[in-house]
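First comes the structure, then the notes that go with it.
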Amino acid sequence: MSKLDEVLNLAKIKGYFWPAYDVYGGSSGFYVLGPYGVILTNGITSLWRQLFVRPMGFLEIDAPSVTPYKVLKSSGHVDNFKDPMAECSNCHNKYRADNLLSEAGKEISESASPEAMQLALNDDHIRCPNCGFTNWVVKPFMTMFSTNIGPYENSEGFLRPETAQGIFVEFQRLLSLNRGKLPMGVSQAGRGFRNEISPRQSIIRLREFHMLEVELFIDPAAKVSVIRPSEKRLPILHEAILSAGRAEPDHLTLVEALDKGIVKNEWLGMFMQLSLELLCNLGVPVERQRFREKLKGERAHYSAQTFDHEVFIEEVGWLEVAGHAYRTDYDLKSHMKGSGQDMTVSVDLESPISVPKKKVNFRIDALKLRYPESWQGILAGGYRLDENGVLFNGTPIDRDVYTINETVEVVKVRKIIPHVVEPSFGLERLMLACMYFAYQKKDDRIVLSVPGGVIKRVAAVFPLLSKPELTLRAQEVRERLLKAGIDVIYDDSGSIGRRYARVDEAGVPIAITIDHQSLEDGTVTVRNRDTWEQVRKPEDQLVSFMESLSLY
RNA sequence: GCGGGACUGGUCUAGUCUGGUCUAGGACGUCAGCCUCCCAAGCUGGAGAUCCCGGGUUCAAAUCCCGGGUCCCGCACCA
């Protein structure tokens with residue numbers, strides 16, 4: 001049994017996650033997060049908040065999943081998530097129809113209908129790369145879930161394929177909540193939906209999953225003073241390495257990566273550094289991590305540069321757990337165009353600049369007399385002003401009909417469309433990576449050594465024996481910890497060893513045991529999940545002791 | 001979607017080839033009680049499976065046949 005299988009098995013037995021809708025035969029691509037899965041993903045989410053949201057004062061919102069057609073039309077998703085799938089009618093292999101055509105040297109518009117593509121493929125006798133057959137059927141495959149909003153027919157909507165769009169469309173209000181300041185970070189933890197053709201490998205490819213995203217809006221021209229969470233070297237498999245056909249990443253500091261132009265944006269680099277930090281905190285060794293640059297053809301339609309943060313898992317290979325994308329001004333531009341709303345931001349200039357301005361004042365009566373045919377066109381703005389005077393359709397206009405007013409305008413702001421830098425995590429994959437590296441065997445027993453800081457403020461409380469005097473006292477300790485905001489798993493069944501084993505598998509960092517001595521002097525034993533060592537502590541110091549532990 | 005394999009209590013599995021002895025056996029887990037002063041111990045008792053679903057063949061189906069579902073592995077797909 002491979003390690004991954006053992007981890008998945010543990011997940012099944014202990015109820016971290018399992019396939020949903022089992023009683024109806026199941027539905028591929030949907031999973032339930034069980035009680036321990038919720039504890040773990042909550043822990044990961046709050047760690048993400050600690051690293052990616054709080055320190056920079058980013059905002060966090062929770063926007064709807066159901067998204068109107070127009071929003072995703074403007075964002076480009078409607079067109080880009082709809083793949084024309086060409087199926088070979090002989091071997092039934094499927095390909096992107098437009099890829100087949102462009103490989104054969106045939107140009108076809110991306111917006112061509114499936115029928116047109118089918119016709120083009122068959123008329124040109126393009127062969128199936130697999131079997132050589134030349135009969136194609138082309139159908140669109142929509143990888144977004146569509147739905148109707150309300151009872152009306154032309155109110156199509158989709159389940160969001162990313163949480164990001166819910167942030168972009170609220171940009172103006174968010175900016176005013178941020179009192180107009182850039183950079184502005186807005187985060188969102190929520191569900192994303194993608195109608196995958198074939199979901200696979202347990203929770204690695206799901207149709208509904210959890211995302212942790214930040215959209216950082218920046219002024220691309222602004223000087224950046226970026227927080228540097230650490231000076232750990234980033235393992236980067238960048239374009240130059242990839243196109244040279246190599247697979248060994250460069251190990252660069254953030255400064256080096258930026259200086260060499262490998263990472264094109266300082267914020268993007270900072271997020272990569274934070275991402276490395278997050279994964280290290282989840283217990284993934286640095287040497288099992290890398291940032292792989294997405295090449296031009298692999299990138300999403302909105303991206304100017306993307307690095308996938310990947311984790312190496314033996315049985316899977318390099319697994320993408322995050323995408324860090326420099327989205328430029330694509331998103332806001334698209335929504336400005338689509339909605340007709342102004343999403344530009346006025347940025348204060350460091351020092352105001354004076355711009356000399358020349359204004360033409362026409363003497364209307366003279367203009368009408370001199371140019372009876374074209375005066376209306378001239379006044380409508382069809383003229384140009386250069387050092388030689390006013391030109392209309394390239395011909396100088398008689399100087400008698402106008403005067404030039406020279407003024408100086410003081411400009412204090414710049415109008416910009418902010419650029420967006422986005423770190424985006426798949427929560428289920430983070431959980432899997434965390435579990436994979438936390439999974440340990442100790443004396444033939446399973447211990448989920450989830451690093452400190454992930455499962456926080458959770459403790460087990462046990463009476464040493466299931467005797468009333470001990471169980472009652474243990475319940476009191478439980479109450480006390482609950483009141484201090486600590487989640488308690490209480491258990492008095494079976495033997496003490498069995499109970500320790502159960503919480504070890506769940507990754508609960510410490511177990512507190514009440515024995516006879518506790519009844520006499522009010523002390524309890526505190527057992528460490530990883531070392532199984534116990535220390536004796538007074539009951540009333542438990543909370544402060546737990547807070548002092550590195551586990552917390 | 002295609003090809004291959006699999007599917008029996010919560011988990012792992014015996015039984016399937018060669019239909020009847022299966023009212024489906026075991027182990028682990030789980031629950032209750034007893035015992036137990038620290039790591040899945042022991043004892044007693046209990047619950048838990050229309051054998052993935054639907055149809056067919058047969059006197060008789062977990063077992064054979066057909067269709068479907070889900071999972072795993074390859075291929076393709078992953079904006």
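Remember, it's a predicted structure, so these values are computed and weren't measured experimentally. Chain naming here is simple, since letters A, B, ... match the order of the sequence lines and numbering starts at 1 in each.
Every stem involving RNA chain B, taken as at least 3 paired positions in a row under the Watson-Crick or G-U wobble test at 3.5 Å, is listed here: B:1-7 with B:69-75, B:10-13 with B:25-28, B:30-34 with B:42-46, B:52-56 with B:64-68.
For A/Ser493, whose side chain is taken as the heavy atoms from C-beta onward, the closest listed nucleotide among B/A32, B/C39, B/C12 is B/A32.
Across the C1' atoms, B/G69 and B/C31 are found 33 Å apart, a figure rounded to whole Å. A gap of 10 Å separates the P atoms of B/A62 and B/C52, to the nearest Å. When the P atom is compared between B/C71 and B/A32, the two are found 35 Å apart, to the nearest whole Å. Distance check on atom P: B/A47 versus B/A6 gives 34 Å, rounded to whole Å. The C1' atoms of B/U23 and B/G10 are separated by 23 Å, rounded to the nearest whole Å. B/C38 and B/U50: their P atoms are spaced 42 Å apart (whole Å). Taking the C1' atoms as reference points, B/C7 lies 33 Å from B/G45, given to the whole Å. The same atom, P, is picked in B/G33 and in B/A24; the two are 29 Å apart, to the nearest Å.
For the pair A/Arg529 CZ and B/C38 P, the interatomic distance rounds to 24 Å; values are reported in whole Å. Remark: P of B/C52 and OH of A/Tyr21 are 24 Å apart, rounded to the nearest angstrom.
In terms of phosphate contacts, A/Arg445 brings a side-chain nitrogen or oxygen within less than 4.0 Å of OP1 or OP2 of B/A40. For B/C38, neither phosphate oxygen OP1 nor OP2 lies less than 4.0 angstrom from any side-chain nitrogen or oxygen of A/Arg498. An OP1 or OP2 oxygen of B/C39 is reached within less than 4.0 angstrom by no side-chain nitrogen or oxygen of A/Lys442. At least one side-chain nitrogen or oxygen of A/Arg502 sits closer than 4.0 Å to the OP1 or OP2 atom of B/U30.
The salt bridge (Lys or Arg N to Asp or Glu O under 4.0 Å) test applied to A/Lys294 returns A/Asp308, not counting sequence neighbours. Applying the side chain to side chain contact (heavy atoms under 4.5 Å, CB included) criterion to A/Glu476, with sequence neighbours excluded, gives A/Arg473.
Test A/Tyr302, A/Tyr330, A/Tyr326 against A/His419 for ring pair (Phe, Tyr, Trp, His ring centres under 6.0 Å) and you get one pass: A/Tyr326.
Under the 4.5 Å side-chain criterion, counting only non-hydrogen atoms from C-beta, A/Arg457 is not in contact with A/Asp487. Looking at A/Glu215 and A/Arg327, their side chains come closer than 4.5 Å, going by heavy atoms from C-beta outward.
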Using nucleotides 68-71 of chain B, report all nitrogen or oxygen pairs with the protein that are shorter than 3.5 Å.
residue: B/G69; atom: O2'; partner: A/Gly25; partner atom: O; Å: 2.8
residue: B/U70; atom: O4'; partner: A/Gly25; partner atom: O; Å: 3.2
residue: B/C71; atom: OP1; partner: A/Ser28; partner atom: OG; Å: 3.4
residue: B/C71; atom: OP2; partner: A/Ser28; partner atom: OG; Å: 3.3

Using nucleotides 34-37 of chain B, report all nitrogen or oxygen pairs with the protein that are shorter than 3.5 Å.
residue: B/U36; atom: O4; partner: A/Ser466; partner atom: N; Å: 3.3
residue: B/U36; atom: O4; partner: A/Ser466; partner atom: OG; Å: 3.1
residue: B/C37; atom: N3; partner: A/His516; partner atom: ND1; Å: 2.9
residue: B/C37; atom: N4; partner: A/His516; partner atom: ND1; Å: 2.5
residue: B/C37; atom: N4; partner: A/His516; partner atom: NE2; Å: 3.3

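Comparing A/Glu162 and A/Tyr500 against RNA chain B, the residue whose closest nucleotide sits nearer the 5' end is A/Tyr500.
Between the side chain of A/Thr523 and the backbone N or O of A/Ser518, no donor-acceptor pair lies under 3.5 Å.
Aromatic rings of A/His324 and A/Phe425 (six-membered ring for Trp) have centroids within the 6.0 Å cut-off, being under it.
Listed by first and then second residue, the side-chain hydrogen bond (donor to acceptor under 3.5 Å, both in side chains) pairs that reach into residues 434-448 of chain A are A/Glu6-A/Tyr439, A/Glu6-A/Lys441, A/Glu315-A/Tyr436, sequence neighbours excluded.
Cation-pi geometry between A/Arg290 and A/Trp318 is satisfied (NZ or CZ under 6.0 Å from the ring centre, within 45° of the ring normal).
The number of heavy-atom neighbours closer than 6.0 Å to NZ of A/Lys337, taken from other residues, nucleotides and ligands shown, is 12 or below.
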